[in-house]
Structures are given as structure tokens and as C-alpha cells.
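All values reported here derive from a predicted model rather than from experimental measurement. Residue numbers start from 1 in every chain, and the chains themselves are labelled A, B, ... in the order their sequence lines are given, proteins ahead of strands.
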Amino acid sequence: MAVLLALIVASAPERLLDSNVAAGVGVLGSSYTVTGSRLGEGLLVPTISARGVFAGFVVEGGAMVSAPLARGGSLFTLTGAARVGWSGQRWSVVAGVVAQFAPEAQPALQVLPSLRGQVSFGTAGLSLGVFDHLGLVPAHLSVDVGPFENGRFSLGWVAPIGLIGSADLSLGSGFGLRFTGFAYRLNNVESAMLLVSGTFGGAR
Amino acid sequence: MKRLLLVLLCTACQPRAGLDDVSGDVGALGKGLPRGFLWGTATAAHQIEGGLDNSWTDFEAGAFPDGRPHIKNQDRSTIATDSWNRFDEDLAAMKALGSTTYRFSIEWSRLEPRKGEWNDAAMQRYREWCLELRAAGIEPMVTLHHFTLPKWVVEAGGFENEASKADLERFTRRVAGNLKDQVDWWVTLNEPNVYAVQGYLAGIFPPGKKDDTVTQTKVIANMLKAHARMAVALREVDDVDADGDGFATRLSVAHHVRYFQPATASPLDTAIAGLTDDYSNESIPRALKTGRILLSVPGAITIDETVPDLAGSIDVLGLNYYTRDMVRADLGSASLSQLTYRKGRAVSDLGWDLYPDGLYSFLTRFSAYGWPIVITENGLADRSGKLRTPFLIQHLTAIERAIRDGADVRGYAHWSLMDNFEWAEGYDAQFGLFTIEKTTLRRVPTESVQPFRAIGANIPR
């Protein structure tokens, strides 16, 4: 797999999106607030994701398990995302679905649309996402900077109130570390996550 | 934002107790409750009195379109536990429990079977009950509306018709006038949200309408408007401090709360859980505090109305707490969600998740409104009787913890004194601290009577 990706990366022309794989683990907090109280909990969220870019055609996939950290918390879930799209040199768009499976819930399957578009202006750019990050972020608009020699960074706004940020740090030989975090409030819903992933492939 | 992130991530560190953690030892439980804490049980007229003819009578005999009877096992309330004729037995049961309060309801259809036609003998009997309770050191807590309506009110549209509030106010004045020297603790309405949801969304209470969230929401609003009129009437008529505590009236609504937990971390599940919580748990206390009724079912109805006399219309918040629901978004359903329970946890015979932390959560949460709180119902359907004592211990532990954390909790009424007609569940769901022997209707103590009494004995006097 790594060799295949390395070949893809090596042979691909310069495009806004790179082929890469990532695997990580995060902590997700999700809650709603009422009368000054907060009802919610924390979950452990191992994730994997992969993207392939083939002559501009983009295929993305990801999966996440969420398991409550406290006994008796919310239900175990498995989330999968599949998006396809196109990446040019200055813009890209991928769209698809996020499907969350919770065996104990009724309905067990919940499907959301998922979209991400990016545009680059050299070393800076903008990205817009709807139910991005495996469906966990309802909508965001981010400023991307990089890639630089040591990595790539992003900081953005989550609608209506919130922040999202990521840092891709290069460790050399195609390997890297990615830190992703967000926190937002939507009506009385609050959600926050910190995810640390190991990456291999392109930094974009 | 940093604080938000920290708080959310730290929710992971909070332990969650379950019923499976409990030993059966009462120990010092009760000592953490305040002096004068009301300790007792709750019932409702239609579920225990027997011999009633009201909005439930014809419904109980009916069936759903698919042929299933409205009431499980085709049960009918009929004689119920015959409490209308066996109050002495009920009182003996309360004494055996060491009760200091008894919450019961006055049946409107019995007192006013036809508009303007009053049954004074029945009123006198309720008055005698109050006298006997007081003589036994048991504070009467009287509910004026508990799920039933006289048939003539139903024919006029029930709570769908805003005019019902005038009739309910008349009834309130009549009852208050007769009981004012015996009763200070008044519960105007029992569970307006449950009345509306079960009658207009689930269709399992009269009038048996299904998926009608518009009427359901109007009914809740009309009930709150009726409550405002009832509160004014009670404060005007009841000018006697029956128990000498300095207050002639202690008004409340028995508000049903459920702990709505998002089934998953999906933003959709969390958002719908938040909406459900606001509609079902928050809207009523908010209206009682501010006078503003704000109820919304997205895509169906929004009511935003300020009602005269609603703000400040209660002195005490009554909480009926039983369970936790996992909320899964289902945008195709009228309620926008499906409710489910977590597998592997202790549940009641009705499949309800037994979740004492939920009670703690509501006690601390609603303390922000500034009212004292009385738990006007809390219990479980438990035919085996094995879960009731651990349930009781866990929930009392949660109450004591909430008090330590600043909640002003003044009383606890266990649902229920005895097994009774449990609405759509018929006689199948057994909530009683006493069971009812089928042929003789004798009140038989369960294993939980002694622990209940022991906790009561620990309360500082």
C-alpha cells in the first residue's frame, strides 16, 4: 500500500490535492446546554482516512469509530465517508456521503451529505466544508496556508460560532503528523474534538 | 473557546453511576435531606379510585386501527384499587411507610359530572381524606388535573379549546374553597407535556390522535394558560395556612422530565436531542418563570406568546423523573427523532433505562430558576420487586448529592403507593410499594416498604 501510494505521489502532476493516508486517534466532546447546565460526554474516536488523486480525479474515504469514554454513555458508532471529485492546480471539490452506523439506535443508519471545496492563491487558499471531517463539522470556512518545507496550516470559522484548525507537520520521507481540532456551538449544541494523526503521502 | 474545549473534553472524566452499582443497604441515607423534608408517595384518582366516568372511559374500551386494544391486555380501569372506598387501607399503607406527605388528585369528573352540577358528597369525602391525612401527620399534596377530563369538557374540545381554562378555574375555586383549611400544597397540572405527547403524537392517551404536533403544541400552551388562571384562583381563595409554616399556598406544576441524551456524537443527533430537550424539559419551567410560552416543532409550529399571570405562578417546581432516552434523529418522523435505550443496562419492566444521574442533573439544572423543588414522582415498574430498593437508594443518593451541591429539594413522592391502573399499560406495569391482591384488593407490602420507612426515619425532624 505504501509503495503504491509512493508511486502515485511520485508520478502525479502538481495538483491542489495530494494522495495520502492518515491514521489517528482523537477525543470528541459533544453536548447541548440548558439553563446554564451542559449535558454531554466525551468519546474516543480512532480514525483512518485515505485519498487518491488519479489524473485529477479524486477518491476519498475515511472511517471512524466512536466509543464513549464513560460507562453508560452514548452508543458505539462506526462512521464511514466516501467522496469523489476533481482536483486542478488551483481548485478542488469533493462531494459524497457520510454514513454513520449505530447498531443499537433506531434508525441504525444515518446518512448525511458531505462536501469540501478548496481554492488556492499560491501559498494561501480557502476551503469550504459542509458536514466535513466525517460529518462532525456542520459547516466551516477556512484559510489554508502552505505547503511550506515543514508543513501546512489551516485556521477557520465554523458556523455559526466556532473555530477549526489543523497543522500538518512534515517528518520527512513522506511521513508527517497532523493535528486537527475544532470547537463550535450551534444553537444549544456544542462539540469539540482534538485529533492527532500520523500521515504518509503528500501534505495537501 | 478554550474553556468550551476543556469543558467538553473533561466530560470524559465524569463517572456515571448505574443501578448495578448498588447494594441494598440503606445505611444513613436520608440524613442528608433537610429538616422537614416531605417523604411519601403519589397516586392519581383515575388510577386508584374506581367507578369513574370520564375522558378515559370510552377510550379504554376502544382499539387502534390495527385492532390492538388501546389498553394493554384489554384492561379497564373500572374498580381500579377501589380507593374511593378503601382510603383507610391506603392510609394504613402510608403509615407503614412512615410517610409525611401524600400526593393524590381530585377527580374533576366526579365533582362536576355535568357542567355546573356539583357532587357535594364527593367533595366532602375528599375533605375527610385531608382531615385524616393531617391527623396522621401526613401533609396532603393535591393535584387538580391528572390526565382526565369530564366528558362534557371533552365534548367542548378539552384543552384543544382555550375556553377550557375558564371551566378549570371554576373547578379550582370550588375545590380550594372546600379544602383551603386543610391543603397548602397544590399541584395544578400533572405533566402537561406527557398529556399532550401521548394524546396527540403517540396517540395512546385520549383523544388518541397521532402525529399531530401542531395540536399537541397548542394543547401544552392552553394547559399553561389554564394553569395561570388556576394559580390566580388558588392564591385568591386559599388564604388559610393549614400547616402553620407561614404560607397559605405552595403552588406547583408536576413537570415530567426525561434525560435526553444524544444517541451518538453526530451533530444531527445532538441537535435534535437539544431541540427535544428544549420542547419537553425546558419550555414549561421557562414559561412558568418568565410568562413567555415558547414552543417550537421545526417545520410544523412555533408558539411565542406571553401570558398574563403565568410568570411567578408557582412557588415550588414539581419534578416527575423516571428515565433517560437516547435520541436518534429521524427527520421523517413527526417528533424528528426516535428514542432508544442502551442495551446492557438495568431497565424497568417497561424497558425504561434506570438512570439516577439524570435526576441529579435535573435537580442541579433547574435550581438555576431559584424555586425549591419537590420530586412529585419517581419510581419504576418492577414486577419482581428486586430492583425497587436499589432504585430507591440510588435516586435518594442522587438527591442528597444534588442538595450538597446547592439544590433546594424539599420533598419526595414515590410513584406509587400501590400498583394501580397504569394508563395505556393497564395493570401490567406494577409501580407500587404495595402490590394489590387480585381477588381481595388487599394492599400487600413489597420488600421495599421497610427500606422506604428506614430512609424516612433517617430524615432530620
**Q** Pick whichever of B/Ser266, B/Pro285, B/Ser337 has the most heavy-atom pairs under 4.5 Å with chain A.
**A**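 Top option by heavy-atom pairs under 4.5 Å: B/Ser266.
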**Q** Thinking salt bridges, do A/Asp18 and A/Arg51 make one under a 4.0 Å N-O criterion?
**A**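 So A/Asp18 does not pair with A/Arg51 through a salt bridge.
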**Q** Taking only Lys NZ, Arg NE, NH1 and NH2, and the carboxylate oxygens of Asp or Glu, determine whether B/Asp353 and B/Arg258 approach each other closer than 4.0 Å.
**A** no
**Q** Can you tell which part of A/Leu112 gets under 4.5 Å to a heavy atom of chain B, answering side chain, backbone, both or neither?
**A** side chain
**Q** With only heavy atoms counted, which part of A/Ala108 is less than 4.5 Å from chain B, the side chain, the backbone, both or neither?
**A** backbone
**Q** Name the region of A/Leu75, side chain, backbone, both or neither, that has any atom closer than 4.5 Å to a heavy atom of chain B.
**A**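 For A/Leu75, heavy atoms of backbone and side chain both lie under 4.5 Å from chain B.
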**Q** For the residue pair B/His256 and B/Tyr322, categorise the inter-ring angle as parallel (less than 30°), tilted (30 to 60°) or perpendicular (more than 60°).
**A**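 Plane angle under 30°, so parallel.
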**Q** Rounded to the nearest 0.5 Å, what's the gap from CD on B/Glu282 to CZ on B/Arg365? Could you check?
**A** 4.5 Å
**Q** With chain B as the partner, which of A/Ala105, A/Gly181, A/Pro138 has the greatest number of non-hydrogen pairs under 4.5 Å?
**A**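 Highest number of heavy-atom pairs under 4.5 Å: A/Ala105.
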**Q** So what's closer than 4.5 Å to chain B heavy atoms on A/Ser66: side chain, backbone, both or neither?
**A**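 Answer is neither: A/Ser66 stays 4.5 Å or more from chain B.
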**Q** What orientation do A/Phe175 and A/Phe200 show, parallel under 30°, tilted 30 to 60°, or perpendicular over 60°?
**A**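 Answer is tilted, since the angle falls between 30° and 60°.
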**Q** Heavy-atom distance under 4.5 Å to chain A: side chain of B/Phe260, backbone, both or neither?
**A**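 B/Phe260 touches chain A through backbone and side-chain heavy atoms alike.
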**Q** Return the minimal non-hydrogen interatomic distance between A/Val21 and A/Ala50, and the atom names on each side.
**A**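 In terms of heavy atoms, the two residues are closest at CG1-CB, 3.8 Å.
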